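What you are looking at is a predicted structure, and each value in this text was computed from that prediction instead of being measured.
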Amino acid sequence: ILVGAKTMTNCIFTIGSVTQSMKATKILQANSIPVSSIKLSHSNARIGCVYGIEFNCRYTDNIRRFLSAANVRYEEYQK
């Protein structure tokens, strides 16, 4: 463990389908934003299968801009 190291806080945006989640991941990675496409479990999702992206919260503003420009619909998810 590094003394004084900051822990990475991850955020999640839910995106309805696996296709849109993968599209978002590709767009963000192409713009040097580290992101992972994830499937949220039923206990995390309101209804059915929901996919999303997980990323370091420091990228939130940039991710909002890129996804909006690409017309990718998302919702911010609270852990």
* Looking at Ala24 and Leu67, what are the two nearest heavy atoms and their distance? -> CB-CD2, 3.5 Å
* Structure fact -> Tightest non-hydrogen contact, residues Glu54 and Ile12, listed as CG-CG1, 4.0 Å
* Structure fact -> Taken to the nearest 0.5 Å, the spacing of Thr25 OG1 from Ile33 CD1 works out to 11.0 Å
* Structure fact -> Exactly one candidate in Ile27, Leu28, Ile38 meets side chain to side chain contact (heavy atoms under 4.5 Å, CB included) with Ile53; the answer is Leu28
* Asked: Is a side-chain N or O of Thr60 found less than 3.5 angstrom from the main chain of Cys57, in a donor-acceptor match?
  -> yes
* Write down the atom of Pro34, the atom of Phe55, and the distance for their closest heavy-atom approach. => O-CB, 3.8 Å
* Asked: Where do Met22 and Ser37 come nearest, in terms of heavy atoms and distance?
  -> SD-OG, 3.7 Å
* side chain to side chain donor-acceptor pair (under 3.5 Å) against Arg64, all qualifying residues, sequence neighbours excluded -> Asp61, Glu76
* To do: Locate the shortest heavy-atom distance separating Val18 from Tyr51; write the atom from each residue and the value.
  => N-CD1, 3.6 Å
* Asked: Do any N or O atoms from the side chain of Gln20 and from the backbone of Val72 form a donor-acceptor pair under 3.5 angstrom?
  -> no
* To do: Give a yes or no answer on whether the side chain of Thr14 reaches the backbone of Gly52 with a donor-acceptor pair at less than 3.5 Å.
  => no
